[in-house]
There are 2 protein chains.
Amino acid sequence: MHALQTQNGNVPSAVGGEAGRSIELAPGVALAGFVMRFERNEEVFAEEEDADFVYKVISGAVRDVRILADGRRQIGAFHMPGDVFGLECGEQHRYSAEAVVDCEIALVRRAALERAALRDGTTARKLWALTAGDLLKLQDHMLLLARKTARERVASFLMRMSGRAAAGDAFDLPMSRLDIADHLGLTIETVSRAFTQLERDHAIAMPAARRIVLNDRLALAEG
Amino acid sequence: MHALQTQNGNVPSAVGGEAGRSIELAPGVALAGFVMRFERNEEVFAEEEDADFVYKVISGAVRDVRILADGRRQIGAFHMPGDVFGLECGEQHRYSAEAVVDCEIALVRRAALERAALRDGTTARKLWALTAGDLLKLQDHMLLLARKTARERVASFLMRMSGRAAAGDAFDLPMSRLDIADHLGLTIETVSRAFTQLERDHAIAMPAARRIVLNDRLALAEG
DNA sequence: CGTCCCCTTGAGTTATTTCAACACTCGTGG
DNA sequence: CCACGAGTGTTGAAATAACTCAAGGGGACG
């Protein structure tokens, strides 16, 4: 089975004891689970795989990926530390999830979560709130994909990835230009040019390709 | 308050008795509600409005709309008869909903639904399933917006709107080319050209601008 | 030191948008 | 009955944003 044996033959190492470490999936919703390490580019779960677990990023970053028949790739979202992902209402995952960099990820059995939700209305509501939160984020992203220019898409992306970083703060992007392009519906070249252009316009500084310093005026470029 | 008094001063007419008509929101989840008529282009609810009701299309069609500061418009989804919409986890609607054509829409008080869900785990799960279903649809739409060509977007859209109609069947689109464009992230001209092109290639026939007859080969154009 | 991977940049191409004109339908009112 | 205007859809021509193809730079690592 997958969580203990990935398709590429790796055996991700369990950390913190297989048994009963408490994982907080939402405020006030903590269940027994365990933590595993995943290497850069390792698959956390695959499309069509049974959704037996729910996941939470402890450290690192995760992308979820879907592929069109002819190879076109789309990254639906990046999951950062603290984010819960892979929570499905149906029986199977509809997309695959991969570690962007080396990760620690907590796993909770979905069956346990479902039981808790069925017993307790408050837990059920928080579960629903998780899915509803994903929906809200996706709605914003849809607007970005449908109506924003390349420059605006990259600016919006940087604003989101900066998290609580203020103007003047530096932060690191864990993902490659290709990942960003596949998330924003662009090509790597267009993403690269947008970065260059934002830097030229003093909306950001780039001490390194993946290290970003924000300027106030980036917010204006968001559209 | 909105459901009884819309922003444009109209008073939508209640139908079937204000009190206690039973509305089925999901299989096995039926609550007391009432039915109202909305005219073409009338607002069902507004962005930022308190989400006091959950809605179900009885007849007609509804679009949900979000507007960017500079006027760019995006239609997140069309809701057809049988679809539930406007179900929020938070307190406010994040987008507005408008009648595409004259509609009959059932309303259920959200408070009643929340109470039912809190009491009964099965109801809570079905509520969650509704939101999760919206999320799945939106994920497909995201892929369309991010990675498909204009022709593929229109073909995919027609496949979805055709519902159970088979090749050779005709069906009517309730919405304008502008609505379609704003749903697919295109301009009206590009949408119009894609229709013309699909007809020229015998993927569809168009007895009228909004009346479509499918051909098998439309599926190939989907991408 | 060489190789691989990732990122950037330039030049030419293309899909889509923009701007403009025109056709069609449907009410309304003369 | 016809003229008129508003709303909607189609088409053409020019402009442009993003893509494709191609080359080269730089860091990490064996």
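First the proteins, then the strands, lettered A, B, ... as listed; each starts at 1.
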Does [X] make a side-chain N or O approach to OP1 or OP2 of [N] shorter than 4.0 Å?
| X | N | result |
| --- | --- | --- |
| A:Thr196 | C:dT9 | yes |
| A:Thr190 | D:dC19 | yes |
| A:Thr187 | D:dA18 | no |

Between [atom2] of [N] and [atom1] of [X], the distance in whole Å:
| X | N | atom1 | atom2 | value |
| --- | --- | --- | --- | --- |
| A:Arg147 | C:dT17 | CZ | C1' | 11 Å |
| A:Phe195 | D:dA18 | CZ | C1' | 17 Å |
| B:Leu198 | D:dT11 | CG | P | 13 Å |
| A:Gln197 | C:dG10 | CD | C1' | 16 Å |
| A:Ile188 | C:dC6 | CD1 | C1' | 8 Å |
| A:Met175 | C:dC7 | CE | P | 11 Å |
| B:Arg40 | C:dG27 | CZ | P | 11 Å |
| A:Leu186 | C:dC7 | CG | P | 15 Å |

| request: Start with the C-alpha gap between B:Ile180 and B:Leu173, add the side-chain angles, then the distance that decides, and say whether side-chain contact (heavy atoms from CB on, under 4.5 Å) holds. | output: CA-CA 10 Å; B:Ile180 297 171; B:Leu173 296 173; 4.2 Å; yes

Tell me whether the side-chain N or O atoms of [X] pair up with the base of [N] as donor and acceptor below 3.5 Å, since no angle test is needed here.
| X | N | result |
| --- | --- | --- |
| B:Arg210 | D:dG9 | no |
| A:Glu189 | C:dC7 | no |
| B:Arg177 | D:dG7 | no |

| task | Would you classify A:Ser192 as touching base, sugar-phosphate or nothing, given that sugar-phosphate means primed atoms plus P, OP1 and OP2, and contacts are heavy atoms under 4.0 Å? | result | base

Ionic contact status for [Y] with [X], cut-off 4.0 Å:
| X | Y | answer |
| --- | --- | --- |
| B:Arg151 | B:Asp201 | yes |
| B:Arg110 | B:Glu91 | yes |
| B:Arg40 | B:Asp102 | no |

| query | Are the side chains of A:Phe157 and A:Val191 in touch, meaning some heavy atoms are under 4.5 Å apart? | reply |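 Heavy-atom side-chain distance check fails, nothing below 4.5 Å.
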
| field | Candidates C:dG10, C:dC7, D:dA18 - which lies nearest the side chain of A:Arg193 | value |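 Closest nucleotide to the A:Arg193 side chain: C:dG10.
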
